[in-house]
Chemist: 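Have a look at the structure that comes next, please.
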Amino acid sequence: MYVKNSNITLPENPDTIVWKYLDLSKFLDLLISKKLFLSRSDKFEDQYEGTFSEPTFEEIKKLSENNPAFLDYYKSHREKVVVSSWHINEYESFAMWQIFTQNSEGLAIQSTLGRIQSALEYEKDIKQYIGEVNYIDYKKEYIPFDDMFFPFLFKRKSFQYEREVRIIADLSDQQIKINDGIKIDVNLSELIEKIYIHPKSQNWYKKLVIELVSKLGFDFEIEKSDLESDILI
């Protein structure tokens, strides 16, 4: 279930458009399982994921001088937090296609913040939160730590192009084994507004996606990428 957190910032407009770029295998897994995958936060490529900036870390070290368990808890907490990343943008992003899809055989799910919030209501056992990521200088800027989600809502400025919004869940109080992550129940009809097919994909691939979606019992609107539009001279 989606839960609001007054400490976490998020665009107020529920019609804010968000995207998820993924390959065909992950997309099919989503449709077949009807579950959204959330990755364990310490499994991301960015080694700073879920960590603190230098000014914050220095403050935490001082606080933990007489209580080493305080710092150890923050380190181990990364293993209990899971994340699904989405990209805020009114339009498709060429950069996102390049980074998150392989061999011109990828897809993009278009949704909105309001749709995501409604879709998450299907999961009854795990609370999820949604927050917009802040991009800062980790050598100079401070990350507050009065909310346990804050380390996971800050990233280095070099990732600013991602314009990321995150679905986050803290599984510290759940008796769940987490390997690479977990899957949560979602209402796919709410979650997915449209599907866009990779701009460099071939016609056979587009037909395959349309056929697979239909055979799995869905009638999502499927578009070719706007980046594929014909050149007008």
Side-chain angles (χ1 to χ4, degrees), residues 2-23 26-27 30 36-53 56 77-78 80-102 106-120 126-138 141-145 147-171 180-184 186 191-196 198:
Y2 166 62
V3 180
K4 287 186 179 180
N5 183 328
S6 58
N7 293 328
I8 297 176
T9 59
L10 193 66
E12 291 184 6
N13 186 356
D15 295 326
T16 299
I17 297 173
V18 293
W19 303 78
K20 191 167 188 65
Y21 294 81
L22 66 175
D23 60 30
K26 290 179 180 176
F27 177 68
L30 172 66
L36 180 67
F37 179 74
L38 279 69
S39 177
R40 214 171 84 177
S41 69
D42 62 335
K43 297 290 186 178
F44 283 92
E45 284 186 24
D46 181 13
Q47 62 179 341
Y48 288 87
E49 193 69 54
T51 65
F52 285 106
S53 61
T56 307
H77 188 229
R78 298 170 68 199
K80 300 292 185 180
V81 174
V82 291
V83 174
S84 175
S85 300
W86 295 71
H87 170 69
I88 296 179
N89 205 329
E90 188 175 352
Y91 306 102
E92 285 178 74
S93 165
F94 179 75
M96 294 295 108
W97 279 121
Q98 295 289 100
I99 295 166
F100 292 104
T101 61
Q102 301 288 330
L107 305 120
I109 295 171
Q110 180 187 308
S111 188
T112 65
L113 290 178
R115 279 180 166 271
I116 289 177
Q117 289 165 355
S118 296
L120 293 175
I126 296 171
K127 295 178 183 177
Q128 312 98 34
Y129 302 82
I130 305 175
E132 191 171 8
V133 172
N134 302 277
Y135 299 93
I136 66 168
D137 184 337
Y138 266 51
E141 295 183 71
Y142 180 82
I143 296 175
F145 55 95
D147 189 297
M148 291 305 298
F149 284 119
F150 280 176
F152 306 95
L153 291 170
F154 286 81
K155 294 185 77 169
R156 290 171 295 158
K157 281 186 177 291
S158 54
F159 288 94
Q160 205 157 10
Y161 65 89
E162 291 181 352
R163 299 183 63 189
E164 189 177 349
V165 62
R166 294 184 150 183
I167 302 167
I168 303 178
D170 183 352
L171 306 177
D180 293 327
I182 63 162
K183 291 180 180 180
I184 61 172
V186 286
L191 182 70
I192 299 174
E193 183 168 12
K194 289 183 184 179
I195 297 166
Y196 284 77
H198 198 290

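These numbers come from a predicted model, not from an experiment.
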Chemist: Kindly say whether Ile167 contributes a backbone atom to a donor-acceptor pair with the side chain of Ser84 at under 3.5 angstrom?
Modeler: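 Side chain of Ser84 to backbone of Ile167, a donor-acceptor pair under 3.5 Å: no, none is there.
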Chemist: Any sub-3.5 Å donor-acceptor pair from Ser53's side-chain atoms to Glu141's backbone N or O?
Modeler: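 Checking the backbone N and O of Glu141 against the side chain of Ser53, a donor-acceptor pair under 3.5 Å is found.
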Chemist: Establish, from distance only, whether the side-chain atoms of Ser85 and Glu164 form a donor-acceptor pair under 3.5 Å.
Modeler: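 The answer is yes; a qualifying pair exists.
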Chemist: Testing the basics here: between Gly131 and Ile8, what is the closest heavy-atom pair and its distance to 0.1 Å?
Modeler: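 Looking at all heavy atoms of both residues, the closest pair is CA-CG2, 3.2 Å.
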Chemist: Decide yes or no for Ile184 and Val82: does some side-chain heavy atom of the first lie under 4.5 Å from some side-chain heavy atom of the second?
Modeler: no
Chemist: Can Ile88 and Ile17 be said to form a side-chain contact (heavy atoms from CB on, under 4.5 Å), step by step?
Modeler: CA-CA 6 Å; Ile88 296 179; Ile17 297 173; over 6 Å; no
Chemist: Any side-chain heavy atom of Tyr161 within less than 4.5 Å of one from Met96?
Modeler: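 A side-chain contact exists here, since the closest heavy-atom pair is under 4.5 Å.
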Chemist: Would you check if Asp170 and Lys80 make a side-chain contact, meaning some heavy-atom pair closer than 4.5 Å?
Modeler: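 Answer yes - side chains close enough.
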Chemist: Would you say the side chain of Val186 lies within less than 4.5 Å of the side chain of Leu120, judging by non-hydrogen atoms?
Modeler: yes
Chemist: Run the ring-ring contact (aromatic ring centres under 6.0 Å, His included) test against Trp97 and tell me which residues pass, sequence neighbours left out.
Modeler: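 Trp97 satisfies ring-ring contact (aromatic ring centres under 6.0 Å, His included) with Tyr21, His198 only.
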Chemist: Roughly how far apart are Ser93 OG and Ile99 CD1, rounded to 0.5 Å?
Modeler: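 Here the rounded value is 7.0 Å.
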Chemist: Does the pair Gln117 and Leu10 meet the rule for a side-chain contact (heavy atoms from CB on, under 4.5 Å), with working shown?
Modeler: CA-CA 12 Å; Gln117 289 165 355; Leu10 193 66; 3.6 Å; yes
Chemist: Evaluate the side-chain proximity of Phe159 to Val133: yes if any heavy-atom separation is below 4.5 Å, no if none is.
Modeler: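 They are not in contact (no side-chain heavy atoms under 4.5 Å apart), so the answer is no.
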Chemist: Could you tell me whether the side chain of Gln128 and the main chain of Ile126 form a donor-acceptor pair under 3.5 Å?
Modeler: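 Checked: pair present.
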Chemist: Glu162 and His87: which non-hydrogen atoms are nearest, and at how many Å?
Modeler: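 Looking at all heavy atoms of both residues, the shortest contact is O-ND1, 2.6 Å.
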Chemist: Within this structure, what is the NZ-CG distance for the pair Lys183 and Leu38, rounded to the nearest 0.5 Å?
Modeler: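 Here the interatomic distance stands at 11.5 Å.
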Chemist: On a heavy-atom basis, which atom in His77 and which in Phe152 lie closest, and how many Å separate them?
Modeler: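 Scanning both residues, the minimum pair turns out to be ND1-CE1, 3.9 Å.
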Chemist: Which heavy atom of Ile143 sits nearest a heavy atom of Thr56, and at what distance?
Modeler: N-OG1, 2.7 Å
Chemist: Check whether Asp180 reaches the backbone of Arg40 with its side chain - one donor and one acceptor, N or O, closer than 3.5 Å.
Modeler: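 Judged by distance alone, no pair lies under 3.5 Å.
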Chemist: Just wondering, are more than 12 heavy atoms of other shown residues or ligands nearer than 6.0 Å to CZ in Phe94?
Modeler: no
Chemist: Show the nearest heavy-atom pair for residues Ala169 and Phe149, with the distance to one decimal.
Modeler: C-CE2, 4.3 Å
Chemist: A side-chain contact here means heavy atoms from C-beta on lying under 4.5 Å apart; do Val81 and Leu171 qualify?
Modeler: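 No, too far: nothing below the 4.5 Å cut-off.
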Chemist: Please find the pair of heavy atoms, one from Ile192 and one from Ile195, that lie closest to each other, and give the distance.
Modeler: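 Reported closest heavy-atom pair: CG2-CG1, 3.8 Å.
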Chemist: If you draw a 6.0 Å radius around CD in Gln98, do more than 12 non-hydrogen atoms from other residues or ligands fall strictly inside?
Modeler: yes
Chemist: Is Leu113 close to Asn13 at the side-chain level, that is, under 4.5 Å between some pair of heavy atoms?
Modeler: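 Not touching, per the 4.5 Å side-chain cut-off.
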Chemist: Whether the side chain of Ser39 engages the backbone of Gly181 through a donor-acceptor N/O pair (distance < 3.5 Å, no angle test) should be reported.
Modeler: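 Not at all, since once roles are kept as given, no pair shorter than 3.5 Å links the two residues.
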Chemist: If we check ring-ring contact (aromatic ring centres under 6.0 Å, His included) with Trp19, which of these qualifies: Phe100, Trp86, Tyr196?
Modeler: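 So the option named by the test is Tyr196.
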Chemist: Do Arg115 and Val18 have side chains that get closer than 4.5 Å, going by heavy atoms?
Modeler: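 Arg115 vs Val18: side chains apart.
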Chemist: What's the spacing between Ile168 CD1 and Ile130 CD1 if we round to 0.5 Å?
Modeler: 10.0 Å
Chemist: Return the set of residues passing ring-ring contact (aromatic ring centres under 6.0 Å, His included) with Tyr138 (not counting sequence neighbours), or none when no residue passes.
Modeler: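 Once residues adjacent in sequence are excluded, the partners of Tyr138 under the ring-ring contact (aromatic ring centres under 6.0 Å, His included) criterion are Tyr48.
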Chemist: Sequence neighbours excluded, which residues qualify as ring-ring contact (aromatic ring centres under 6.0 Å, His included) partners of Phe52?
Modeler: Tyr74
Chemist: Could you state the interatomic distance from CD1 (Ile109) to NZ (Lys194), rounded to the nearest 0.5 Å?
Modeler: 14.5 Å
Chemist: Can a donor-acceptor pair be found, under 3.5 Å and without considering hydrogens, that links the side chain of Ser118 to the backbone of Gly114?
Modeler: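 Judged by distance alone, yes, a pair lies under 3.5 Å.
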Chemist: Please round to the nearest 0.5 Å and tell me the distance separating atom NZ of Lys157 and atom OH of Tyr135.
Modeler: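 Going from the NZ atom of Lys157 to the OH atom of Tyr135 covers 11.0 Å.
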Chemist: Between CG of Leu107 and NZ of Lys26, what distance do you get to the nearest 0.5 Å?
Modeler: 12.5 Å
